[in-house]
Amino acid sequence: MEKRYRAKQASDSLLVGGLLSMSGGLQDAYTYHVRDQVFANAQTGNIVLLGQSIALGNWETAVRYLLPLLAFAAGVYAAEIIHSRFRTNGVALHWRHEVLLVEAALLFLVGWMPQSMNLVANILVSFVCAMQVEAFRELEGSTYATTMCIGNLRSAMENLYFWRKTGDDLRRHKASVYFLVILYFLIGAAIGGVLSPIWREMTILLCCPFLLLAFTLMLRIRNRRLRFLSLITGAVEDEAVVQEEAVSE
């Protein structure tokens, strides 16, 4: 029988996923309203606009959409570099913690960039988005995304259908989780849309508290789990870190 929850690591919690989704929604609203109407997260939109610009011979505009797209690809690659090279060294940190710190630092820089640096700002936000997409892909044992909604909406409706068909409460729970993640994204986008005309370039700084709070929550959850592992296995916590890494990746 499938378990109701299958949390492998600290990032696999609804609250962490909600915070990351709020940050993702805010990022998309920010780059659209403040940074030349570019979608930092929705790369499908950028590909459409890139193709349209090329077809019309608007090469300068095409570059404006191409570079964030390339930055997104580079962000995925960078996240995997962090993943492969990260070592705990006896500290109860996970490679995803490092990703969150990099994200917060880059978005903090973006918040201080003037309008003349919109292209650089969009490149950095797309890079951050890709790192987040690559690093955070599971929520309570199910695949999800924190920076876009189409996959979450599909999964929500699929689980809703099977719950109505079979009466399986697990399906109902999964559907509700996906709808909540979409709601968090919507809240983040709403915050970005309302504050962008007021705070302008600095609006993106609001993502930093979301990311740092997610970092703190993950650290607390992870520390509790490692203490529990050390108690039941008799290993010291440093050894428990290594053991958990082996089973959670």
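No hydrogens, no waters, no symmetry mates; every other heavy atom, side chains included, goes into these values.
If you chain together ILVMFWY residues whose side-chain heavy atoms come under 4.5 Å of each other, I150 ends up in a group of its own. Cluster note: W112 groups with F108, M202, L205 through ILVMFWY side-chain heavy atoms spaced under 4.5 Å, whether in direct contact or through intervening members.
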* Residues L217, L19; criterion side chain to side chain contact (heavy atoms under 4.5 Å, CB included); working and verdict -> CA-CA 10 Å; L217 288 171; L19 288 167; 3.6 Å; yes
* Asked: Checking side chain to side chain contact (heavy atoms under 4.5 Å, CB included) for the pair I204/C207: CA distance, chi angles, key distance, verdict?
  -> CA-CA 6 Å; I204 197 68; C207 289; 3.8 Å; yes
* Asked: Between Q132 and T147, is a side-chain hydrogen bond (donor to acceptor under 3.5 Å, both in side chains) present by the stated rule, with each step listed?
  -> CA-CA 8 Å; Q132 186 167 307; T147 59; 5.7 Å; no
Which donor-acceptor pairs under 3.5 Å do side chains of residues 113-130 form with protein atoms, sequence neighbours excluded?
residue : atom : partner : partner atom : Å
Q115    : OE1  : N118    : ND2          : 3.0
Q115    : NE2  : V34     : O            : 3.2
Q115    : NE2  : E201    : OE2          : 2.8
N118    : OD1  : R35     : NH1          : 2.7
N118    : ND2  : D36     : OD1          : 3.2
N118    : ND2  : D36     : OD2          : 3.3
N118    : ND2  : Q115    : O            : 3.4
N122    : ND2  : R35     : O            : 3.0
N122    : ND2  : N118    : O            : 3.3
S126    : OG   : A40     : O            : 3.3
S126    : OG   : N122    : O            : 3.0

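Considering every non-hydrogen atom in both V194 and I198, the closest pair reads O-CD1, 3.8 Å. Across S196 and A29, no two heavy atoms sit closer than the pair OG-O, 4.3 Å. Contact record, G17 with L139: CA-CD1, 4.5 Å, taken as the closest heavy-atom pair. The shortest non-hydrogen separation linking Y184 to G18 is CD1-CA, 3.2 Å. Annotation for I54 and A62: closest pair CG1-CB, 4.0 Å, computed over non-hydrogen atoms. Nearest approach of A156 to A175, heavy atoms of both residues: O-CB, 3.6 Å.
Remark: side-chain polar atoms of T216 are paired, donor with acceptor, to backbone N or O of L212 under 3.5 angstrom. With hydrogens and angles ignored, the 3.5 Å screen pairs a side-chain donor or acceptor of T31 with a backbone N or O of Q27. Side-chain atoms of N159 do not come within 3.5 Å of backbone N or O of H173 as any donor-acceptor pair.
With sequence neighbours excluded, the residues that form a side-chain contact (heavy atoms from CB on, under 4.5 Å) with Y161 are K165. Residues forming a side-chain contact (heavy atoms from CB on, under 4.5 Å) with L153 (at least two apart in sequence, or on another chain): M157, F179, I182. When the salt bridge (charged side-chain N to carboxylate O under 4.0 Å, His left out) test is applied to E158, the partners found at least two apart in sequence or on another chain are R154. Legend: residues meeting side-chain contact (heavy atoms from CB on, under 4.5 Å) with L206, ordered by chain and number and at least two apart, are L26, I191, L195, W199. Listed by chain and residue number, nothing satisfies the salt bridge (charged side-chain N to carboxylate O under 4.0 Å, His left out) test with R200 (two or more places apart in sequence, or in another chain). Qualifying salt bridge (charged side-chain N to carboxylate O under 4.0 Å, His left out) partners for R137, counting only residues two or more places apart in sequence or in other chains: E134. Remark: I47 pairs with L69 by the side-chain contact (heavy atoms from CB on, under 4.5 Å) rule, at least two apart or across chains.
Residue F136 is not grouped with residue F185 when hydrophobic side chains (ILVMFWY) are merged at heavy-atom distances under 4.5 angstrom, including chains of intermediate members. In this structure, L107 is not a member of the same hydrophobic cluster as M148, with clusters built from ILVMFWY side-chain heavy atoms closer than 4.5 Å. Under the 4.5 Å side-chain heavy-atom criterion for grouping Ile, Leu, Val, Met, Phe, Trp and Tyr, L100 is connected to L15 within one hydrophobic cluster. Hydrophobic clustering (ILVMFWY, side-chain heavy atoms < 4.5 Å, transitive): V133 and Y144 are in distinct clusters. Connection of V110 to F210 is established within a shared hydrophobic cluster, with ILVMFWY side chains joined at heavy-atom distances below 4.5 Å, either directly or through further cluster members.
Every pair passing side-chain hydrogen bond (donor to acceptor under 3.5 Å, both in side chains) that includes a residue from residues 46-65 is listed here, sequence neighbours excluded: Q43-N46. The ring-ring contact (aromatic ring centres under 6.0 Å, His included) pairs that include a residue from residues 16-37 are Y32-F39, where partners are two or more places apart or lie in different chains.
Separation of atoms CZ (R85) and CD (E80) is listed at 12.5 Å; rounding is to 0.5 Å. Here the CH2-CZ distance, from W163 to R171, works out to 13.5 Å after rounding to the nearest 0.5 Å.
Classified by interplanar angle (parallel below 30°, tilted 30° to 60°, perpendicular above 60°), the ring pair F215/H97 is perpendicular.
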